[in-house]
Amino acid sequence: MMSEFDLIAKYFTRPTQRAVLGVGDDCALLEPSVRMHQCITSDMLVEGRHFLSTVDPYRLGVKSLAVNLSDLAACGATPTAFTLSLALPQLDVNWLEQFSKGLWDTAIEYGIDLVGGDTTLGPLCIGITALGEVPPGDALLRSGAFEGDDIYVSGTLGDAALALDVFRGHTSVDSRAFERIRRRLEQPTPRVALGVALRGVANACIDVSDGLVGDLNHILQRSQVGAVLTTDWVNQSAAISKDMQELSYSNRLDYVLGGGDDYELVFTARQTAREDVVSASEQSNTKVTLIGQITKERGLKVLDSDGELITRRFLSFDHFQRSN
Ligand code: ADP
Ligand code: MG
């Protein structure tokens, strides 16, 4: 029978790339880069609440780290290391093999070390703390949006929430579309390169975990501004996948404006910085779409493609509850 320490040694210990000391002692040791600010973020994934018990453990390993990297990306940080606190209901070597592979593949892709953690028996729960660094003054904050700023979103929106609705039996799509959209839900792509490229370009930034309107509202509140969102881009743009395109405009609006779990970046930038935003997008090989403007007048207005105010609310995120 494998002990707790065998388990840590087998699945969660590898030579570190940059940490001075990784897993195995009472503390890890990191050498901070000179004159950089350290960024620290934690996200916990609880079975039944943030993911379905049937999810592929490899994908769960990817997602657990990806959602943390997404928070670093939203600050414009370069990831450096992470810790893993794991509660496991039993010692399932097949699960551990797959889960740790997803985790390591993601760690290697972003060049970061797993430097420590904790392991215990309990209901399946994955807590990760990720560390990163950013030059002083360059961190992208929720509080930096100004009147007149453009508002952009990266990648595509709504696919993850659509996949969750298919899992719940609320709607259906063909099997190839389902494979594509469930990947967006189960293995989100943290926009790390875009976040870094937006240093000194974006005024404010947040990652979309709970839904575009809800997360944009965090920027508006922290920046004490308002916004007008257009929705012509919901008809057709880089932010709308071909699977989203299959839905009616009204359904699309719900998924794109209200759906969670996309882990895209929403950011604002001065209108005079449009070329810089294009460069950041090209540099990071990440599509971005202009979706609205920051206003002095507080509150969020959503306009339909004729410029008329949409009065329907998109704030009812309790429907989406981040249960994956
Ligand atoms: P302590 O009893 O001193 O808290 P532990 O026995 O919990 O230490 O852990 C032993 C070592 O293994 C420590 O370096 C700890 O950071 C690391 N560790 C424990 N669990 C994990 C995990 N799931 N992933 C990575 N490292 C872990
Ligand atoms: Mg100790």
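As the structure lists them, so they are numbered: ligands from 1, and atoms in each ligand from 1.
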Side chain, backbone, both or neither: the part of Asp25 lying under 4.0 Å from ligand 1 by heavy atom: backbone
Option of least heavy-atom distance to atom 12 (O) of ligand 1 (set: Ile126, Leu21, Ile8): Ile8
Arg199 versus Thr78, side-chain donor and acceptor atoms under 3.5 Å: yes
Any donor-acceptor pair under 3.5 Å from Thr106 side chain to Gly102 backbone: yes
Sub-4.0 Å atoms of ligand 1 with respect to non-hydrogen atoms of Asp26: 3 (O)
Within 6.0 Å of CG in Asp174, more than 12 heavy atoms from elsewhere: yes
Nitrogen or oxygen atoms of Leu86 and ligand 1 under 3.5 Å apart: no
Tyr249: which of Asn235, Thr231, Asp304 passes side chain to side chain donor-acceptor pair (under 3.5 Å): Thr231
Location of contacts on Thr119 toward ligand 1, heavy atoms closer than 4.0 Å: both
Test item: side-chain donor near acceptor, Asp243 and Ser241, under 3.5 Å: no
Atom CD of Gln236: over 12 foreign heavy atoms under 6.0 Å: no
Element-labelled atoms of ligand 1 that are located less than 4.0 Å from some non-hydrogen atom of Asp118: 7 (O), 19 (C), 20 (N), 21 (C), 23 (N)
Under 3.5 Å donor-acceptor, Asp165 side chain and Leu162 backbone: no
Heavy-atom gap Phe5 to ligand 1 smaller than 4.0 Å: yes
Proximal ligand 1 atoms for Phe12, defined as those under 4.0 Å from one of its heavy atoms: 23 (N), 24 (N), 25 (C)
Ligand 1 atoms in contact with Leu84 (distance to a heavy atom under 4.0 Å): 22 (C), 23 (N), 24 (N)
Numbered atoms of ligand 1 (with element) below 4.0 Å of Gly24, judged on heavy atoms: 11 (C), 13 (C), 14 (O)
